[in-house]
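Have a look at the structure below, then the notes.
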Amino acid sequence: LSNRNAWNFNWVFTNTLNYTKTFGDHTINALLGLESLRNRYEYFTASRDGFPSDDPNFHFLDAGDVGTQKNSGSATEYSMVSYFGKIDYNYHDRYLVAFTLRRDGSSRLGNNKWGNFPAASVGWRISNEPFFDVEAINNLKLRVGWGQNGNSDVPSYATIDSYKSSSSTSNYPIDGSQSSVDLGFVQTRNGNANLKWETTTQTNVGLDLGFLSGDLNLTLDFFNKDTKDLLWRRALPASIGGTNMTVWDNVGKMNNKGFEMEVNYQKQINQDFGFSVAYNFSIIKNKMTELNGVDYIGLSSSELHGRNFDQETSRSAVGQPIGSFFVYEADGLFQNDAEIQNYKNDKGELLQPNAKPGDIRYKDISGPDGVPDGVINDLDRTIIGCAQPKLFGGFNNTFSYKNFDLNVNTIFTIGNDVYNGTRVTMENMQGSTNMFASTMNYWTPDNQNAPLPRPLRSKAVMRVSNQYVENGS
């Protein structure tokens with residue numbers, strides 16, 4: 001029997017002061033604000049085995065065997081505070097200017113808790129100019145904006161080390177005794193006291209258009225976003241020991257640029273019936289532009305254990321989109337021993353000496369000098385596919401009749417790939433679990449056109465490859 005008790009407390013405290021002044025054709029609006037929040041989560045669990053009966057009257061911890069008693073508990077807490085101010089200036093509803101400044105503080109960052117994030121924008125409502133005389137367009141506004149925002153979204157206590165006592169990983173008989181052990185501690189978190197705010201600087205140019213007395217509206221935006229001090233959980237070498245071979249760090253820089261469009265049309269047909277239709281899409285190009293002290297960002301060996309043949313499926317490297325699939329390139333299946341023996345390098349050595357008929361043949365892509373070296377190893381992995389969509393968007397349709405309304409949303413992505421880890425598990429033909437029906441069409445000497453390799457495969461010949469990279473649109 002296990003009992004668990006959890007408690008979560010969250011509060012937000014917001015105060016704002018507004019000031020608005022209009023004199024002639026000029027309007028000024030000012031805002032000052034303070035916001036703070038705090039979150040605390042705490043839990044404990046207790047359990048016992050060896051209950052004398054399944055009768056509900058025995059469903060209490062005291063009825064179990066005290067020798068099997070286990071308990072655990074923990075808590076996590078974080079807080080933030082923000083000071084912000086904004087000034088808006090409007091002249092004759094033609095020329096618009098706005099300035100914003102935020103100062104944010106986060107308990108999750110050790111020596112660099114505070115960050116300052118300014119922003120500014122200007123707008124020109126051309127449709128309100130005396131010279132504008134286009135009857136079909138009731139609103140035309142050009143916008144230019146620049147601004148910064150911060151991100152401190154890392155786990156609480158990521159800036160400090162933590163240790164834990166464990167009978168399986170930390171306790172040890174220091175004196176060599178075989179009858180008792182000494183209490184010890186193992187490191188469970190690698191802290192980084194120098195973590196700082198991830199900062200994104202964005203510049204955008206936009207155009208707003210309104211037609212049909214405001215029933216039809218079009219919004220266009222071009223943007224460029226540069227992110228520096230990117231927060232990422234970086235892998236550490238296994239030689240550091242402990243149970244956690246990662247550390248949160250500010251690893252580098254990233255760029256996102258693209259174009260966004262939104263079109264919406266709304267119409268009230270009569271007193272009872274109305275509808276609105278909206279369509280939006282975005283084209284975004286993502287790229288890692290700089291990394292600090294490492295060639296790429298991947299997974300730690302502790303996270304890989306037992307997954308995908310103990311090989312990572314994606315990496316984030318300079319010049320590539322974040323999370324690009326980093327795999328071997330499959331080149332069909334070996335149909336017989338002759339093909340295996342003929343797959344050699346210039347020295348006459350077999351490129352895949354452990355292969356059997358029905359195994360996947362992998363291409364020799366590269367080597368230490370950046371050219372094929374006649375050896376199949378980690379240097380032959382390459383970027384094939386990316387999870388980042390080239391285009392995504394959606395449709396939003398709302399229909400209303402008297403007191404009833406119906407809303408239908410559709411979203412889509414185009415140009416993204418997926419690494420189908422479900423297939424890795426459900427087509428590996430190992431173990432005693434159920435598999436996909438597709439595994440019945442595997443390679444045999446009598447079924448050489450099969451899409452799947454032979455069964456009874458091993459890690460010695462299986463590698464993460466583009467065999468599992470699929471179109472994710």
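We use all heavy atoms of the structure for the numbers below, so side chains are in, but hydrogens, waters and symmetry mates are not.
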Count the heavy atoms belonging to other residues, nucleotides or ligands that lie under 6.0 Å from [atom1] of [X], then report whether that count exceeds 12.
{"X": "Leu351", "atom1": "CG", "result": "yes"}
{"X": "Asn15", "atom1": "CG", "result": "yes"}
{"X": "Lys113", "atom1": "NZ", "result": "yes"}
{"X": "Asn270", "atom1": "CG", "result": "yes"}

Checklist entry - What are the two closest heavy atoms between Glu312 and Val464, and how far apart are they? => result O-CG2, 3.6 Å
Decide whether a cation-pi geometry holds between [X] and [Y]; the criteria are a distance under 6.0 Å from NZ or CZ to the six-membered ring centre and an angle within 45° of the ring axis.
{"X": "Arg4", "Y": "Phe44", "result": "no"}
{"X": "Arg108", "Y": "Tyr78", "result": "yes"}
{"X": "Arg315", "Y": "Tyr296", "result": "yes"}

Checklist entry - Excluding sequence neighbours, so at least two apart, what forms salt bridge (Lys or Arg N to Asp or Glu O under 4.0 Å) with Arg381? => result none
Any side-chain donor paired with an acceptor under 3.5 Å for [X] and [Y]?
{"X": "Asp378", "Y": "Tyr328", "result": "yes"}
{"X": "Thr14", "Y": "Glu35", "result": "yes"}
{"X": "Ser152", "Y": "Glu198", "result": "no"}
{"X": "Asn409", "Y": "Asn407", "result": "yes"}
{"X": "Arg103", "Y": "Ser82", "result": "no"}
{"X": "Asp208", "Y": "Asn217", "result": "no"}
{"X": "Arg38", "Y": "Asn10", "result": "no"}
{"X": "Gln148", "Y": "Thr201", "result": "yes"}

Where does the angle between the aromatic ring planes of [X] and [Y] fall among parallel (under 30°), tilted (30 to 60°) and perpendicular (over 60°)?
{"X": "Trp124", "Y": "Tyr95", "value": "parallel"}
{"X": "Phe13", "Y": "Trp11", "value": "perpendicular"}
{"X": "Tyr419", "Y": "Phe325", "value": "tilted"}
{"X": "Tyr91", "Y": "His26", "value": "tilted"}

Next on the checklist: Checking the side chain of Asp249 only, and the main-chain atoms of Val251 only, is there a donor and an acceptor separated by less than 3.5 Å?
Outcome noted: no
Checklist entry - Do Phe273 and Tyr401 have ring centroids that are under 6.0 Å from one another? => result no
Item to check | Phe99: partners by ring pair (Phe, Tyr, Trp, His ring centres under 6.0 Å), with sequence neighbours left out | outcome: none
